[in-house]
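Reviewing the structure listed below.
Here, residue 1 is the first one in the sequence, and each next residue gets the next number.
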Amino acid sequence: MNKLPTKCLLQFRRVSKLWKFTIDSSIFIRDYGSRQCETCCFNLAYKRSTEGFMCSVDEQMSYTPLLNTNLYLSALTPITTSEGVWCFSYGSHMGAILWNPSIRKSIRIVIPYMTSQPEIKKIVWGFGVWTDTLDPTFLNISMGKYGAGPCHVFVYTLSSNSWNNLENNCLPRVSIRIKRSCGQTTVSGFILWGGCEIFCNVDGSCYNISMLVSFDMINHQFHVLDIPSALKDQLPDPFYISHLGNSLVISGNLIIFENRYIYAWLLEVDGYHVTSWRMLFVIPSTNVVKLIGFTKDDDPIVEVDRGRMLHPLQVYDRASEEFHNVGISADGGSFFIGPYKESLILLNV
């Protein structure tokens, strides 16, 4: 049965109690894994005014609205996706929603409030699914003011259904800040963010050095990845991180001789180091705001600002060096793409 699509398995659960018990078992869910789908490349979420939308996009960039998500999309903000599972925030970091679109199942995670924490300046979340165990992992990272001591990190795993407070020896250095604005992604069992380390001179002036911060979902340990000097010298500010296959992508806008370009670099990482990197593309970006994702042919999907209320989504064909409209426009900054994978994650929760 593990060769069948999830839609069939959901129907087979109704045949008998034995079939339901088998399909719902943790062993069957783990062995089923997460797999690509031929009819859907990714799901796209976006907002227009007070309404939220989501659609399924295929290899030809044709899209089909998803009408029965059972989610109040206008009130949710996508954080990241991992192995096809979406993570949304709602409220003022009050809680998170995990959603598996392949089985249309969602669960709510209540974020604990710890009165012993120092004054919180920023909260960063992390989410990922380790491919070997398919166990969703969620992090609540509370950072106080600079110099107020180490951050406080609580880790939740779905298999344990409990929160664990990480010890200080598992955390990054006190001077390192995780940058929520850079986004996050998951590569080879590690959750990755953009980060920086703050240094202060004798005269009181401060400066920072950009870096990457990773979290090992198996050992529950943070690591700092130095960005190669040759890349760091040309890094945009701000920069954004995403992934392409099993590689990390850093992208951002640069102005050179009054001309604006969007740059992207492909980095190979092992969770502890950047092992290699190369330029992925350079695109003239007079109106391009941000890299959103990639097509099946690895052409960039970008958000474009033409000075109107709604921003269109476009694909840049690297062969012809032309932009093509996808046919969807939305509020600026609301586009979010999640690669579609079929799995049974969350089925037995």
Side-chain angles (χ1 to χ4, degrees), residues 77-82 87-89 92-93 96 109 111-114 117-130 136-157 163-200 206-228 231-232 235-243 248-252 267 269-274 290 333 336:
T77 301
I79 301 298
T80 188
T81 69
S82 180
C87 177
F88 299 90
S89 69
S92 180
H93 283 83
I109 298 178
I111 309 300
Y113 177 75
M114 304 298 176
Q117 291 181 202
E119 180 183 354
I120 297 174
K121 184 178 181 181
K122 182 170 67 173
I123 293 177
V124 178
W125 284 356
F127 171 74
V129 178
W130 174 225
T137 301
F138 186 90
L139 283 81
N140 184 57
I141 306 169
S142 303
M143 294 185 288
K145 294 181 179 180
Y146 177 69
C151 58
H152 288 248
V153 180
F154 294 88
V155 180
Y156 173 89
T157 58
W163 291 89
N164 178 40
N165 183 15
L166 289 189
E167 300 294 334
N168 289 346
N169 60 353
C170 298
L171 305 179
R173 297 188 295 271
V174 176
S175 54
I176 292 177
R177 315 294 285 179
I178 296 175
K179 301 176 70 173
R180 187 171 56 198
S181 60
C182 292
Q184 63 177 277
T185 192
T186 306
V187 176
S188 301
F190 290 83
I191 303 172
L192 289 138
W193 302 265
C196 66
E197 187 162 19
I198 302 174
F199 298 90
C200 292
C206 296
Y207 64 96
N208 61 69
I209 296 177
S210 296
M211 58 188 55
L212 299 170
V213 179
S214 72
F215 177 77
D216 186 339
M217 287 188 283
I218 298 299
N219 299 320
H220 290 185
Q221 178 85 37
F222 281 89
H223 303 278
V224 175
L225 291 73
D226 291 325
I227 298 174
L231 174 56
K232 190 184 302 181
L235 205 62
D237 186 18
F239 68 89
Y240 306 98
I241 67 170
S242 56
H243 75 276
L248 181 71
V249 175
I250 293 181
S251 62
L267 289 75
V269 298
D270 59 8
Y272 310 97
H273 308 92
V274 176
K290 185 180 178 183
F336 193 91

I109 vs F127, side chain to side chain contact (heavy atoms under 4.5 Å, CB included): CA-CA, chis, key distance, verdict: CA-CA 12 Å; I109 298 178; F127 171 74; over 6 Å; no
4.5 Å side-chain heavy-atom contact, L171 and L166: yes
Donor-acceptor pair between H152 and S142 side chains, under 3.5 angstrom: no
Side-chain heavy atoms of V153 within contact of N140, under 4.5 Å: no
Residue pair M143 / I123, side-chain heavy-atom distance below 4.5 Å: no
Pairwise distance OG(S242) to CD1(I250) - rounded to 0.5 angstrom: 9.5 Å
Distance (rounded to the nearest 0.5 Å) between S188 OG and D216 CG: 11.0 Å
Heavy-atom side-chain proximity of V224 to Y272 below 4.5 angstrom: no
Rounded distance [0.5 Å steps], CG in L192 versus CG in L225: 6.5 Å
Given R177, K179, R173, the one that forms salt bridge (charged side-chain N to carboxylate O under 4.0 Å, His left out) with E197: R173
F222: which of V213, I191, I176 passes side chain to side chain contact (heavy atoms under 4.5 Å, CB included): V213
Donor-acceptor contact present, side-chain N219 to main-chain Q221, <3.5 Å: no
Distance (rounded to the nearest 0.5 Å) between Y156 OH and N164 CG: 13.0 Å
N/O donor-acceptor pair under 3.5 Å between S214 side chain and G271 backbone: yes
Side chain to side chain contact (heavy atoms under 4.5 Å, CB included) between F190 and D270, worked out: CA-CA 8 Å; F190 290 83; D270 59 8; over 6 Å; no
Pairwise side-chain contact, D226 with V274, heavy-atom cut-off 4.5 Å (strictly under): no
Gap separating the CZ atom of F336 from the CZ atom of F88, nearest 0.5 angstrom: 8.5 Å
Flag, side chain of S82 to backbone of V129, donor-acceptor distance under 3.5 Å: yes
Side chain to side chain contact (heavy atoms under 4.5 Å, CB included) assessment of F215 paired with L139: CA-CA 9 Å; F215 177 77; L139 283 81; 3.7 Å; yes
Side chains of V249 and H243 in contact at under 4.5 Å (non-hydrogen atoms): no
Side chain to side chain contact (heavy atoms under 4.5 Å, CB included) partners of Y240, counting only residues at least two apart: P238, S251, K290
Donor-acceptor under 3.5 Å (Q184 side chain, W125 main chain): yes
Closest contact, heavy atoms only, K232 versus I227: CE-O, 3.2 Å
Straight-line distance of I79 CD1 to R180 CZ, nearest 0.5 Å: 8.5 Å
Validation row: W193, I141 side chains within 4.5 angstrom (heavy atoms): yes
Aromatic ring proximity F138/F154, centre distance under 6.0 Å: no
Sub-4.5 Å side-chain heavy-atom contact between T81 and T185: no
Side chain to side chain contact (heavy atoms under 4.5 Å, CB included) between F239 and S210, worked out: CA-CA 10 Å; F239 68 89; S210 296; 3.9 Å; yes
Shortest non-hydrogen separation from I198 to C206 and the atoms involved: CG2-CB, 4.3 Å
Partners passing side-chain hydrogen bond (donor to acceptor under 3.5 Å, both in side chains) against H223 (at least two apart in sequence or in another chain): none
